[in-house]
Amino acid sequence: MIPVNEPSIGERELEYVTECLRTGWVSSAGRFLEDFEQAWAAYCGMAYGVAVCNGTAALDVAVNCLSLGPGDEVIMPSFTIISCAQAVVRHGARPVLVDCDSETWCMDGEAVRAAVTPATKAIMVVHMYGHPVDMDQIQAITLDHHLTIIEDAAEAHGSEYKGRRCGGFGDVGIFSFYANKVVTTGEGGMLLTNDEGHAADARAYRNLCFRNDRRFYHTKLGHNYRMTNVQAAIGLGQLERVDEIVDHKRRMAAEYARRLADLAGLQLPSEREWARSNYWMYAVVVDEATGLTGETFSAQLKQRGVETRPFFLGMHEQPAFHRLGLFAGESYPVTERISRQGVYLPSGNALTALQVEEVCAAILEVIK
Ligand SMILES: Cc1ncc(COP(=O)(O)O)c(C=O)c1O
């Protein structure tokens, strides 16, 4: 089976983790944590990094930093992972969904503008599968309406919008370092910001809102969302190779595109002229005219030794939100279509050109 994802862990990660184990710095303090936070923030052009235990927690921290709560609306794509809408709901604010662009699969900027109301406080931008959102368009809306931006760059390590790295545009930006991400810490996440106050709030919130002046005296509630020094050690080792990993992803994407470009019935990922995608996952949408759905396409590829994953299911189609009285009767046609017809192909950091050739040969058999 050609796996959909495989991390590549190098010698440097091993060396750094061994240092943690040998010195006993295995918990949530240590030099790798500070180094990783600073290095990741610098890589993305932000001043402060706050490492947490996963990207879902980072989104929760982000919503908390911006003090979003009851009565506030946050505009976000329907086509995303549940962590985004869940973070907003858990703070009592309301997610307002918009559909995505049919080519980049990122939130549609015109739809965002149309969704602004007097209750809108923030826009949650999600760079989908590594392709950046058109940030000029979003920033124009936030300036016109005095809104803040949460930038979810979980999938967009090293992706660029007009030459600037994703994760460096929002009031707060977040990342996931789950094992399938470009840079992994096993499980992990980070919040980035240029605002010292947000950074201080995030540090407190991830650590049960302990106070410096009086131990075990709490004036606010937080969480234990801490990252360990061991995780940060892996992340720091990975970060030293991030350009190499992104280049590899882009080479594999070019190889897929070269072999599949002439195949009718399969939509390939696009890259706008202002974008440099990291091609985190090589995602494709199969045309209904082939008689296939994403699910049947996946099943047939599996029979040929190729592992795939389905696209996200829209937030408006989640029973968990319907039960809370959210999104009833809402429809987002692009989201609905791609969530049924989309899959992502093997895209791991250890994928070889030969494996891409084998995947493409299997696809040609299935679609022809
Ligand atoms: C866009 C996006 N945001 C947030 C997350 C949540 O990250 P984690 O899995 O680390 O909780 C993910 C996870 O893959 C994601 O794809």
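Fair warning: this is a prediction, and the values are worked out from it, not measured in the lab. Atoms within a ligand are numbered from 1 in the order they appear, just like the ligands themselves.
The shell of residues lying under 4.0 angstrom from ligand 1, judged by heavy atoms, excludes Gly189.
In this structure, Val50 is not a member of the same hydrophobic cluster as Phe36, with clusters built from ILVMFWY side-chain heavy atoms closer than 4.5 Å. Transitive grouping of hydrophobic side chains (ILVMFWY, heavy atoms separated by less than 4.5 Å) brings Tyr16 and Leu33 into a common cluster. By the criterion of side-chain heavy atoms lying less than 4.5 angstrom apart, applied directly or through intervening Ile, Leu, Val, Met, Phe, Trp or Tyr residues, Ile141 is not grouped with Leu68; the two fall into different hydrophobic clusters.
The protein atom (non-hydrogen) at minimum distance from atom 9 (O) of ligand 1 is Ser176 OG, 4.0 Å. Protein heavy atom at the shortest distance from atom 16 (O) of ligand 1 is Glu155 OE2, 2.6 Å. Distance from atom 5 (C) of ligand 1 to its nearest protein heavy atom, with residue and atom name: Ile81 CG2, 3.8 Å. Closest to atom 14 (O) of ligand 1, if we only count protein heavy atoms, is Lys181 NZ, 2.6 Å.
Neither the backbone nor the side chain of Asn180 comes within contact range of ligand 1; no heavy atom lies under 4.0 Å. Residue-level proximity to ligand 1 for Thr56 is carried by backbone and side chain together, each with a heavy atom below 4.0 angstrom. Only side-chain heavy atoms of Asp152 come within less than 4.0 Å of ligand 1; its backbone N, CA, C and O stay farther off.
Glu358 contributes no side-chain N or O that, together with a main-chain N or O of Val306, makes up a donor-acceptor pair within less than 3.5 Å. Listed for the Ser78 side chain is no donor-acceptor partner under 3.5 Å among the backbone atoms of Tyr332. Judged purely by atom type and a 3.5 angstrom limit, His157 uses its side chain to pair as donor or acceptor with the backbone of Val183.
Remark: ligand 1 atoms within the under-4.0 Å shell around heavy atoms of Asn54 are 10 (O), 11 (O). Close approach to Ser83 involves these atoms of ligand 1, each under 4.0 Å from a residue heavy atom: 6 (C). The contact set between ligand 1 and Val126, taken as ligand atoms under 4.0 Å from a residue heavy atom, comprises 1 (C).
None of Ile150, Val63, Leu59, Ile149 except one satisfies the side chain to side chain contact (heavy atoms under 4.5 Å, CB included) rule with Val172; the exception is Ile150.
Ligand 1 has no N or O atom lying under 3.5 Å from any N or O atom of Leu59, backbone or side chain. Residue-to-ligand polar distances keep Trp280 apart from ligand 1: every N/O pair is separated by 3.5 Å or more.
Dense packing is recorded around CZ of Arg304, with more than 12 heavy atoms of other residues, nucleotides or ligands lying under 6.0 Å away.
To the nearest 0.5 Å, atoms CE (Met252) and CG (Leu351) are separated by 6.0 Å.
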